Amino acid sequence: MSTITPPPTSTFWETAREWLHQRDGVLSRELLLEPSRFGLGQLPSRLQPDAVAQSTCGFCSTGCSLQIHLKNGEAIGLSPSGDYPVNLGMACPKGWEALTVLDSSERATVPLLRNASGQLTPVDWSTAARTFVDGVRAVQAQHGPDSFAFLGTGQMPTEELAFYGALAKFGLGMVHGDANTRQCMATSAVAYKQAFGFDAPPFTYADFEQSDVLIFIGANPCIAHPILWERVMRNTLRPEIIVIDPRRTETAMQATQHLAIQPKGDLTLLYGVANILIERGWIDRDFLESHTAGFEEFADFVRDYPLDRVVRETGLTATEIEKLVAAIHQGKAVSIWWTMGVNQSYQGVRTAQAIINLCLMTGNIGRPGTGPNSITGQCNAMGSRLFGNTSSMLGGRDFTVAEHRREVASLLKIDEACVPSRSSWAYPEILEGVRRGEIKGLWIVATNPSHSWIDQDGFAALREQLDFLVVQDMYATTETAAIADLVLPAAGWGEKDGTFINSERRIGVIRKVKRAPGQALADFAIFRLLAEAADCGAMFREWSTPEAVFAILQRLSIGRPCDISGINGYAMLDQQGGIQWPYPASSTTPTTERRLFADRRFFTADERAKFLFDPVRPLPEVCDAEYPLLLMTGRGSVAQWHTETRTRQSAVLRKLSPSGLALEIHPADAAAVGIEPQDQVLVTSRRGQITVTAFLTETVGRGRVFLPMHDPRVNQLTHAVFDPHSRQPSYKDCAVSVTSADRAPRSAGPDRLASYPSKVLR
Ligand SMILES: Nc1nc2c(c(=O)[nH]1)N[C@H]1C(S)=C(S)[C@@H](COP(=O)(O)OP(=O)(O)OC[C@H]3O[C@@H](n4cnc5c(=O)[nH]c(N)nc54)[C@H](O)[C@@H]3O)O[C@H]1N2
Ligand SMILES: Nc1nc2c(c(=O)[nH]1)N[C@H]1C(S)=C(S)[C@@H](COP(=O)(O)OP(=O)(O)OC[C@H]3O[C@@H](n4cnc5c(=O)[nH]c(N)nc54)[C@H](O)[C@@H]3O)O[C@H]1N2
Ligand code: SF4
Ligand SMILES: [Mo]
């Protein structure tokens, strides 16, 4: 029997508990589509709200709007907004639980400083701020101004991200800073930037309903973006839905075609498909000639990818490939959607561009239901890409361009000398800098790399190299907070104001509907405090509230592709159900849905989209007799969020999650080494060894295994290899062996620091 204790705030919990008993924890579509049948969103009469606030969900990039029911200004429950153009009255379990996860004994409620005996002990905010500034200054004085770096996130409001990046670089003189979006969206950002001249995902969610052929590559939206999948289910065109994924995922099971491709076979497949389309003349010549560059070279190049090679290298049959080609040719509106199966790869950028190339060749761009469409991951990944001030400067500018530095300095009324003229190192380069002893201090905000970074033991070893590690998080118990010198307690979603930008470029407002616990402060307030302590408060005088910063960002966006100067404050965002960028001052009537490139003009100098390509590379770690299986990692269930600092706080989400860590392995591969269902097995890679439960399933395919990323041990196995253009980690392809835990020898484990050097393929 379940032991869920329903929080006293809404009837949802009673209902959910009942439902969980009946359904044994399986997510049901009815819950999403007909919440009222389950009594969701209805509060007991004693708790009737006296007001309602709209707030965009703080988990995934879908950007659902939630109605927060308030009593005396405090949240007492929530329900999905019915009239918001994104979720149309639906929310997944994480959204329903967004308030619950805030109440937890694991919250960071007071600043913590490591004392002489190595214990993290409470200090007041003024001591914390002084320690922070002294620590940064001491490292910079001893090792040079570049020796303190910062690592941020796609999970804070845009206003906070901009403040973080501006304070770190312009106020504190840091040069190197990156965000956890490197783990996630860097590939798409670079692919779009190179091909279109700007990091510009072109689609709008209505495209899910307007396509007659939808292709999902390396994406499992049933688990990772369930409300977007519901949008697909609303498509009335009887669409062809094609899923390209080595595993027969929840999404693949609902598709009309599933191509169970060999891991990392995508680039070969996409080149092969392009080759056939070109050979048969199934291309849009007019579009190619007027609006693109580099097609002829591309057509020459893909001749190296004939059908027999593609069959050999992808594990797919000629019939499967032909069927895919025919679907693309026959479709009136073909859209291709991708996420981490593409992005997290040593050749991710070229794979994403191979998708872009296919859409350009066939004229599937700028029209309803089309597009090469990268779905983002975290709630504000897009905000971090445009305004994070890390690898690109505010508004998608370039630190190395003098004119861009002048613009930003003059718009912010700061001395141009404060703006670094060098680009930042990317995340893996910053960690390489730590290994080499060039980076001696790190300020980590709203990310938990001790769990999530690739080759995590390598990351742990780097800790010893740092003089000063500051972690700013909602929870004091994260694996990264546990190794910090200073922990700054932060308010989370629901406890502060700001805006997020979702996958379809829609800017939505988040609202403070609860007080943060103890002395925790909004990251915004922390940045203001630290700016004052560092004597650069004057630089940020105008950055007084999130909405004031939104106005600054609007100013910074003028004339950029992401121009949002026409938005009239948060009130207009609320009234319109969010607004997609661009929305320049010249726009007068906001429309609910807008896509890019309807005018076929791209952001490159000649306004043409570029064909970009490179030969396919072999897997960096090939399976051999010692490590015969390829390990893929990814999302495990709809109820688990990354390192689970947030989702594990909810009894309902815990109940909806699998208990323990299970390895998906094909029954034939299991039988070959004598493994039975539910056996304890050792999974060993060249970097580490962990014990997990075997889950025998044919869905994973022969020769490969899968582990969900939500357990901190999984990244002890992964292999630190990166895409050369985006520097994104290749999380889904390392060689492992699987043996029975009773019989196999345990590995002693390598010397972590010696083995760390990251392998960026050139
Ligand atoms: N419940 C839940 N939802 C989430 C998140 C979460 O943690 N939990 N995280 C959010 C974030 S930040 C992100 S980035 C998204 C991620 O969303 P997704 O990208 O959909 O999730 P993943 O499971 O990482 O990877 C997707 C699929 O890639 C497949 N794959 C692996 N290797 C290959 C390959 O070589 N080729 C192909 N074609 N496919 C491959 C895997 O089998 C997997 O099914 O989810 C977001 N939504
Ligand atoms: N093996 C493997 N590893 C992976 C992946 C994979 O597929 N396989 N996926 C990668 C991807 S796509 C991603 S996006 C990353 C995610 O990796 P992480 O970013 O490390 O994961 P989260 O658990 O989301 O960590 C976010 C942290 O921010 C805190 N937080 C939340 N809101 C706030 C806030 O408003 N302020 C502050 N200060 N803190 C806040 C949370 O408590 C949490 O500790 O993992 C990557 N790692
Ligand atoms: S789909 Fe994403 S944005 Fe929507 S409720 Fe779930 S976690 Fe929140
Ligand atoms: Mo992500």
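When a ligand or atom number is given, it counts from 1 through the structure's own listing order. No hydrogens, no waters, no symmetry mates; every other heavy atom, side chains included, goes into these values. Computed from a predicted model, the values in this text were never measured in an experiment.
- For the side chain to side chain contact (heavy atoms under 4.5 Å, CB included) with Q54, the qualifying choice from L66, I68, D83 is D83, the only one to do so.
- Taking the six-membered ring where tryptophan is involved, the planes of F208 and F216 are essentially parallel, since the angle between them stays under 30° and well short of 60°.
- Looking only at side-chain heavy atoms (C-beta outward), R231 and L88 come within less than 4.5 Å of each other.
- For atom 6 (Fe) of ligand 3, protein N/O/S neighbours under 2.8 Å (waters excluded) are C92 SG.
- Listed by first and then second residue, the side chain to side chain donor-acceptor pair (under 3.5 Å) pairs that reach into residues 629-640 are R635-H642, S637-Q640, Q640-E644, sequence neighbours excluded.
- The shortest side-chain heavy-atom distance between L629 and D669 falls under the 4.5 Å cut-off.
- Each of the atoms 3 (S) of ligand 3 lies under 4.0 Å from some heavy atom of G63.
- The cationic atom of R646 (NZ for Lys, CZ for Arg) lies less than 6.0 Å from the six-membered ring centre of F59 and within 45° of the ring axis.
- Within the structure, the salt bridge (Lys or Arg N to Asp or Glu O under 4.0 Å) test picks out the following pairs touching residues 339-350 (sequence neighbours left out): R350-D614.
- Within 4.0 Å of ligand 1, the residues that place a heavy atom are C60, K94, C184, I217, G218, A219, N220, I223, A224, H225, I244, D245, P246, R247, T249, P263, K264, D266, T339, M340, G341, G377, Q378, M632, G634, R635, S637, V638, Q640, W641, H642, H710, K732, listed by chain and number.
- For the pair E504 and E593, the minimum side-chain heavy-atom distance is below 4.5 Å.
- Aromatic ring orientation, W453 versus Y427: parallel (interplanar angle below 30°, classes split at 30° and 60°).
- A side-chain hydrogen bond (donor to acceptor under 3.5 Å, both in side chains) with S61 is found for one member of N502, T376, T339 and no other, namely T376.
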